[in-house]
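Contents: one structure, followed by commentary.
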Amino acid sequence: MSSATKQLIFGIHAVEMALKAGDQVKAVWLQKDAQNKRLLNLLGAIEKAAVPLERVSLQQLDKMVDDRHQGVVASIHAVQLKSEKDLKAHLKTWSDDESVSPFILVLDCIEDPRNLGACLRSAEAAGVTAVVFGKDKSASVTPITHKTAAGAVEHLALFQVTNLVRAIEAIKAAGVWVHGAALTTDSQNIYQADLTGPVAIVMGNEGKGLRHLVQQSCDHLIHIPMAGEVQSLNVSVATGVSLFEVVRQRSGQLK
């Protein structure tokens, strides 16, 4: 587990969702002369949560973070990332519970914290059971990730592992079918693949895609068919398309 250190998040939606998550928020800095209706609504939520609040100038907020903060910055306990050992324990729990059909997103070397945040936002919206990603050559959960995820970080089970291939093997051993996103001669059209039941979707690096060993560890390879000249999507967009195809099929709409 990561230590319970503090970190900053920023942006109206990110702070709003962190407040809703409970006692995660430790302090908030809000632009003192703001007239934005969303900021004023957020002020009410901060006061209701009885979180320490300081009204500061726009210039002070600019010094706190290097990105677009929308007039609000908050200090939170750093997100608790679960380990590979935790993943194995959860997999056993899920396999023992017939009411749970695991829906897992595995991210292989996603380097841009914004892409990571966008993937997490799609994962939370699609109702995934867990998100698994590596410690090395991967973005971690930064303030930018929090902002892009728009509150999803606080509502997801996040597992950061030292060996992604070993984690995939554990997922497979728990009875979950693992589908890697890769355009190869033998990959299947995602809309023709059976993504019902326990399933994991593996998405690769922004430029290089899935690493060779990760690709080999997947049960099946799938791709999103492209109608235009461009033959690839941004990884966060591809993640959203893939996850919601699982949602569609799980909803009993597979023809």
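Computation of the quantities below employed the complete heavy-atom set of this structure, encompassing side-chain atoms and omitting hydrogens, waters and symmetry-equivalent molecules. Keep in mind that what you see is a predicted model, and the values were worked out from it rather than measured.
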Looking at [Y], is its backbone amide N or carbonyl O close enough to the side chain of [X] to form a donor-acceptor pair, meaning the two atoms are under 3.5 Å apart?
X      : Y      : result
Glu154 : Leu19  : no
Thr239 : Cys119 : no
Gln188 : Ile222 : no
Asn205 : Cys109 : yes
His223 : Pro225 : no
Glu245 : Ser242 : no
Gln249 : Leu195 : yes
Glu206 : Glu111 : yes
Thr148 : Thr145 : no

Inset, instruction - Look at the side-chain heavy atoms of Ile, Leu, Val, Met, Phe, Trp and Tyr, link any pair under 4.5 Å apart, and say whether Val178 and Leu210 land in one connected group. - result: yes

Legend entry - Same cluster (ILVMFWY, side-chain, under 4.5 Å), Leu158 and Val128: yes

Minimal non-hydrogen separation, [X] against [Y], with atom names:
X      : Y      : result
Ser101 : Gly197 : OG-C, 3.3 Å
Phe244 : Ser122 : CE1-O, 4.0 Å
Gly11  : Lys147 : CA-CE, 4.1 Å
Val15  : Ala74  : CG2-CB, 3.9 Å
Tyr191 : Ile224 : OH-CG2, 4.3 Å
Ala126 : Phe103 : O-CE2, 3.6 Å

Inset, instruction - Return yes if a side-chain donor-acceptor contact under 3.5 Å exists between His220 and Asp194, otherwise no. - result: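 On atom types as modelled, these side chains do not qualify, holding no pair under 3.5 Å.
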
Legend entry - Asp96 and Thr93 side chains, donor-acceptor separation under 3.5 Å: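 There is no such pair between these side chains.
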
Legend entry - Pairing of Arg166 and Glu169 as salt bridge, 4.0 angstrom limit: no

Legend entry - Carboxylate-amine/guanidinium contact Lys208 Asp108, below 4.0 Å: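 Not counted as a salt bridge, because no side-chain N and carboxylate O are separated by less than 4.0 Å.
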
Legend entry - Summary of ring-ring contact (aromatic ring centres under 6.0 Å, His included) pairs that have at least one residue in residues 127-158, sequence neighbours excluded: none

Inset, instruction - Hey, could you give me each pair passing salt bridge (Lys or Arg N to Asp or Glu O under 4.0 Å) that has a residue in residues 34-58? Not counting sequence neighbours. - result: none

Legend entry - Heavy-atom side-chain contact between Leu156 and Val153 under 4.5 Å: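 Not touching, per the 4.5 Å side-chain cut-off.
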
